[in-house]
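Numbering of ligands and ligand atoms starts at 1, following listing order. Numbers here simply count residues along the sequence, with the first being 1. Every heavy atom of this structure was used, including side-chain atoms; hydrogens, water molecules and symmetry mates were not.
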Amino acid sequence: MKRFSVLTIFPEFFEGFKNTGIVSRAIKNNIVQLDAINLRDYATDKHKTVDDVVYGGGPGMLLKPEPIFRAYEEISKKSKPYVLITEPWGRKFDQKFAQELSEKDHIMIICGRYEGVDERVKSIVDEEVSIGDFVLSGGEPAALVIMDAVIRLIPGVVGDEDSLRVDSFSDGLLGYPNYTRPAVYKGMEVPEVLRSGNHQLIAKWRRWKQLENTYKKRPELLEKANLSEEDKKMLDMIKKNIEFEKFINK
Ligand code: SAM
């Protein structure tokens with residue numbers, strides 16, 4: 001079972017997440033254990049203080065080190081976690097990072113609040129993680145994003161494992177567009193090829209669309225993507241604005 005221990009001053013933030021969709025199923029099926037741990041339970045004074053003023057002056061408060069260390073020591077008794085802390089300047093979270101984390105048995109996420117945490121907490125941290133170049137009010141939304149992306153990669157969580165294989169970024173490219181019924185809606189038609197029943201042709205069309213999507217929306221991803229000879233031929237034609245039908249009838 002994969003274990004997540006989230007240290008937060010707002011454990012209620014995770015209730016909706018734990019009770020929804022794939023995550024709730026993973027918890028019910030004992031694939032995932034997710035504990036949102038209230039940092040205040042580890043405060044050392046009777047007022048349950050978790051924050052204090054910043055040395056050297058300046059605005060705002062900081063999360064104190066003692067409750068975080070005490071919680072870490074308690075959490076580590078059962079199994080030593082891989083410790084993440086949410087930081088706007090941390091390693092940028094992406095699918096590769098999510099894949100790496102999906103290999104860990106026990107992950108602890110420290111959610112910063114206020115101006116952040118006392119720097120000495122970093123002595124127990126394995127990695128600082130950011131979900132993008134913007135500033136949130138706290139690490140909780142980031143922890144949620146991280147856990148969601150990691151949980152869906154754990155074997156047995158997503159019912160149809162094939163859907164993981166075709167997710168955007170899983171092979172370094174963006175995904176392809178999808179359609180459902182009706183075949184024609186408000187004059188807009190589902191591409192003929194998807195209704196052809198020709199699975200080989202459909203697979204080629206989808207690959208073409210993945211390459212086209214990536215080329216148009218995130219061209220920098222193509223530099224690192226693992227492309228076959230056929231992919232390269234397709235990409236060449238996409239760049240020259242040639243239609244898919246021409247590729248098929250070449
Ligand atoms: N004073 C900090 C700074 O200058 O970067 C900002 C603190 S922010 C208001 C409070 C907390 O939210 C941070 O300590 C961090 O835990 C979390 N946080 C904010 N932006 C984040 C981001 N982009 N990714 C991950 N965590 C973030």
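- A salt bridge is absent between D35 and K18; no separation between the charged side-chain nitrogens and carboxylate oxygens falls under 4.0 Å.
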Evaluate salt bridge (Lys or Arg N to Asp or Glu O under 4.0 Å) for E229 paired with K233, printing each intermediate quantity in order.
CA-CA 6 Å; E229 283 311 308; K233 259 184 226 156; over 6 Å; no
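- If you check which protein heavy atom lies closest to atom 1 (N) of ligand 1, you get E115 OE1, 3.1 Å.
- Remark: the S228 side chain and the D231 side chain contain an N/O donor-acceptor pair separated by less than 3.5 Å.
- With ligand atoms numbered from 1 in the order given, ligand 1 contributes 25 (C) to contacts under 4.0 Å with heavy atoms of V129.
- Shown here, atom 4 (O) of ligand 1 is out of close reach of the protein: none of its heavy atoms lies under 4.0 Å off.
- Close approach of ligand 1 to I131 is summarised as follows: ligand atoms under 4.0 Å from at least one heavy atom of the residue are 24 (N), 25 (C).
- The shortest contact between atom 26 (N) of ligand 1 and any protein heavy atom is with T86 CB, 3.4 Å.
- For atom 8 (S) of ligand 1, the closest heavy atom belonging to the protein is L136 O, 3.2 Å.
- Minimum interatomic distance between A143 and T86 (heavy atoms only, all atoms of both residues): N-CG2, 4.3 Å.
- At least one N/O-N/O distance between G132 and ligand 1 falls below 3.5 Å.
- In this structure a side-chain-to-backbone donor-acceptor pair under 3.5 Å is present from S196 to N198.
- The protein non-hydrogen atom at the shortest distance from atom 6 (C) of ligand 1 is V135 CG1, 4.0 Å.
- Here the NZ-CG distance, from K104 to D126, works out to 7.5 Å after rounding to the nearest 0.5 Å.
- Close contacts of ligand 1 with G138, meaning ligand atoms under 4.0 Å from a residue heavy atom, involve 11 (C), 12 (O), 17 (C).
- Polar contact with ligand 1: absent for S137 (N/O pair, distance under 3.5 Å).
- From the protein, the heavy atom lying nearest to atom 13 (C) of ligand 1 is P88 CD, 4.2 Å.
- Under the 30°/60° scheme for interplanar angles, the aromatic rings of W208 and F244 are found to stand perpendicular.
- Ion pair K122/E119 flagged as a salt bridge, since at least one NZ, NE, NH1 or NH2 atom sits closer than 4.0 Å to an Asp/Glu carboxylate oxygen.
- Counting only N and O atoms by type, the side chains of Y72 and K80 include a donor and acceptor under 3.5 Å apart.
- Only the side chain of A142 comes within 4.0 Å of ligand 1, judged by heavy-atom distances.
- The closest approach between any non-hydrogen atom of Y114 and ligand 1 is below 4.0 Å.
- Remark: minimum distance from atom 14 (O) of ligand 1 to any protein heavy atom is reached at G116 CA, 3.3 Å.
- At under 3.5 Å, not a single nitrogen or oxygen of C111, backbone or side chain, sits near a nitrogen or oxygen of ligand 1.
- Between E66 and T44, the side chains place no donor N or O within less than 3.5 Å of an acceptor N or O (distance only, hydrogens not considered).
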